[in-house]
Amino acid sequence: MAEPAIRPPLALLAELTHRCPLACPYCSNPVELTRASGELPTEIWVDIFRQAAAMGVLHVHLSGGEPASRRDLVDLVGAARDAGLYTNLITSGIGITADRLAALDAAGLDHVQLSMQGVRAEIADRVGGYAGGFDKKMQVADMIADRGIPLTLNAVMHRHNLDDLPETLELACQLGARRIEVACVQFAGWALKNRAALQPTRAQVDAAKRVVAEARTRLRGVLAIDFVPPDYYADYPKACMGGWGSTGLNIAPDGKVLPCHAAEIIPGMVFQNAREVPLADIWYGGDAFNAFRGTDWMPETCRSCDRREIDLGGCRCQAMALVGDARAVDPVCRKSPDRGRVDALLAEESVGADWSYRRFAKDTAPAE
Amino acid sequence: MSTQVDLARIPALPRGVRLHHDRVRGMEVLLGPERTLMLDGIGHAILSELDGQRSTGAIAADLAARFGAPPEQVTGDVVAFLQDLADKRLVDMHDG
C-alpha cells in the first residue's frame, strides 16, 4: 500500500526547561532530566518558532518543566506570537507573579493551561511535593480571570484524586475556566516508575466515565470537557500523538526534536537537534519521524485490522515499556498477544505502594 | 451567561479564539485553545461577519442577500453552525 504524502505539523510542544518547583510523581518529562546549563538560549527558540510557523505549525504549547522558570518567558511568548503562532502557556502557576502575567498578557499570550494536582491543598501539595503550591495556584487563577485570559484547567487524575472529579469540574467552573482536560495519568516517564502508586481502580474509572458523561450534558456551553481515560482499562489503544509524525513535534530543553515526549525510551532511535538541523528536514526526512509513520511499519495484527486508521497503531512507547519491543502491537489492545501482561499489572497494582518524586538525580528522595 | 443562539442575540469570538489565514495549507482556520478548525468557505463567511454589533438574524439576512440564497435556509445554517461552536465555548452570545 502506498504511503500518503507527509502533511505539515499542526502543533509544537516546546519544553523550554526541565526546571520545576513541583515534583509530581507522574511528570511526563524523561527520567533523565536536562539541567539549566543544557537549555537552548532565547535566540534559538525564537528561530525555532519562525521555522515552525513557516512549516505550517499553528499552535505552540510553551511547557516544561515549569516554563516560568525561564527568565526570558515573556520574550519567548512575544516571539512566538510575532511568528504568527497561537501561544498556549502550560504552567503550574508557580512563578507567575501579577507583574509577569501583565507582561505575558501584553506580549500577546493567547491562552493559559493551568495544571491541577488536586482540589484541596492537602492532596495538591502532597502530589506536587511543594507546600503552599495550591494556594499560590488559586491566586494565579484569580489573576488570570481578572485579566480575562482564557483558561483551561489541566487536571491530572490518578488513584489518589480521581474520586474528586465532581469537585474538580466544579472548581473549573468557579475559576471561570472555559475548558478542562481531565487527563488520567499516561504511564510514560516518571509516571511509569510510579505506576503502582498511581493506577486507578476499575471502579474509579467506571465512576469517572459516568461523571464525565453527565457533566458534558449539564455543562454544555459552560465548560468544554476533554477526557483522557486511563488506557490500561481500555479495549483498544489510544491513537498516540494522533499518529506518529502526523500532527505534532516536541522539542526538549536541549533542542532534541522528538515525535513524542516519551520517545527517548526507544533504543536505537536517533533524535536530531534543532541547533544543528533545520526543523523541516527533521520533520520530513528524519529517521525518527519516519520510523512509525503511516501503516507500512505495523505488525500484521494492526495492518490487517479495520481500526488501523482509528488507533493508528497505538503507542510505540507503551509497546516498548511493557513488551520490550517498540514494533509490537500496543499491549493495551484486546488483539495483542501481550494483553495478559496489562491485565496482570492491573490486578497486581492499583493497591498500596508509595511514589517517588520527580527530581533531578542528585536530590532524589523517597516519598514521605 | 447562556450560550443559547437565537436570532436577536449577538455572536462574538471570545478572547483566545481567532481567525487565521494558514498560508502553508492555503486555507482559513479558526484557532482556539487546543483546537484548530479548518473552515470551508461558508464557515469562514459566517465567522468573518462577527463584529460584536450585529445579531445572528441580521448576519444571516446579510449573508442571504449577498449570496442570493433563501433566507430561511441561511438562517438555519448560521444558527446551527454558531450553536455548535457556542457549545464548545468557541463563540460567545451576548444580549443586544
Side-chain angles (χ1 to χ4, degrees), chain A residues 7-11 13 51-61 81 83-90 105 108-114 144-145 147-154 172-173 176-181 183 216-226 228 242 247-248 280 283, chain B residues 1-40 43-44 46-48 50-52 55-56 76 78-96:
Chain A
R7 288 177 308 226
L10 285 163
L13 179 70
Q51 289 187 56
M55 287 171 70
V57 168
L58 298 172
H59 283 82
V60 63
H61 306 289
R81 197 56 213 262
L85 298 170
Y86 187 100
T87 52
N88 175 28
L89 179 66
I90 300 180
D105 196 0
L109 182 63
D110 284 294
H111 174 256
V112 175
Q113 182 177 311
L114 189 66
I144 292 167
R147 291 198 160 271
I149 302 174
L151 174 68
T152 289
L153 281 198
N154 178 19
C173 294
R178 287 190 213 159
R179 206 174 145 262
I180 186 168
E181 288 182 23
R216 276 187 174 146
T217 304
R218 180 170 50 88
L219 299 174
R220 181 177 297 139
V222 176
L223 184 69
I225 303 171
D226 275 2
V228 181
T247 308
W283 175 258
Chain B
M1 180 185 63
S2 157
T3 48
Q4 182 67 43
V5 175
D6 75 45
L7 295 180
R9 301 184 83 199
I10 298 168
L13 293 180
R15 182 167 168 192
V17 181
R18 52 191 167 86
L19 289 166
H20 178 79
H21 176 67
D22 183 339
R23 279 170 299 153
V24 173
R25 296 173 187 79
M27 62 193 310
E28 306 298 329
V29 297
L30 185 69
L31 299 179
E34 307 266 351
R35 290 278 185 282
T36 304
L37 265 64
M38 309 286 179
L39 298 171
D40 59 15
H44 184 250
I46 295 170
L47 293 176
S48 298
L50 270 51
D51 56 8
S55 67
T56 306
V78 168
V79 168
F81 180 74
L82 293 177
Q83 187 64 64
D84 180 54
L85 293 177
D87 287 347
K88 296 171 180 153
R89 300 264 2 224
L90 296 172
V91 163
D92 278 350
M93 296 303 301
H94 303 285
D95 293 315

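Here is how names work: the chains are called A, B, and so on, in the same order as the sequence lines, proteins then strands, and each is numbered from 1. The shown structure was predicted, so the numbers you read here are calculated from the model rather than taken from an experiment.
- Between atom CG of residue A:Leu219 and atom CZ of residue B:Arg89 there is a gap of 10.5 Å, rounded to the nearest 0.5 Å.
- For the set A:Asn88, A:Leu151, A:Asp105, the count of heavy-atom pairs under 4.5 angstrom toward chain B peaks at A:Asp105.
- Contacts of A:Ile225 with chain B are absent, with no heavy-atom separation under 4.5 Å from either backbone or side chain.
- The shortest side-chain heavy-atom distance between B:Leu31 and A:His111 does not fall under the 4.5 Å cut-off.
- Interatomic distance, A:Arg216 CZ to B:Asp87 CG, rounded to the nearest 0.5 Å: 13.0 Å.
- Interface residue B:Arg25: only side-chain heavy atoms are found under 4.5 Å from chain A.
- In this structure, chain B has a heavy atom under 4.5 Å from the backbone of A:Ala54, while its side chain stays farther away.
- Atom-to-atom distance recorded for B:Glu34:CD and A:Glu181:CD is 5.0 Å, nearest 0.5 angstrom.
- Environment of CZ in A:Arg7: sparse, with no more than 12 heavy atoms of neighbouring residues, nucleotides or ligands closer than 6.0 Å.
- For the pair A:Leu10 and B:Met38, the tightest heavy-atom approach, listed with the atom from each and the gap, is CD2-CE, 3.7 Å.
- Using a 4.5 Å cut-off between heavy atoms, B:Arg23 makes no contact with chain A at all.
- Two residues are said to be in side-chain contact when any heavy atoms from C-beta on lie closer than 4.5 Å; B:Val17 and A:Arg178 meet this criterion.
- Of all heavy-atom pairs between B:His20 and A:Leu58, the closest is CD2-CD2, 3.7 Å.
- Contacts of A:Arg179 with chain B are made by side-chain atoms alone, with heavy-atom separations under 4.5 Å and no backbone atom involved.
- Heavy atoms closer than 4.5 Å to chain A are found in the side chain of B:Val29, but not in its backbone.
- Of the possible polar contacts, one joining the A:His59 side chain to the B:Gly32 backbone as a donor-acceptor pair under 3.5 Å is found.
- Shown here for A:Pro8 and B:Val24, the closest heavy-atom pair between the two residues is CG-CG1, 4.1 Å.
- B:Gly16 and A:Pro150 get closest at one heavy-atom pair: CA-CG, 3.6 Å.
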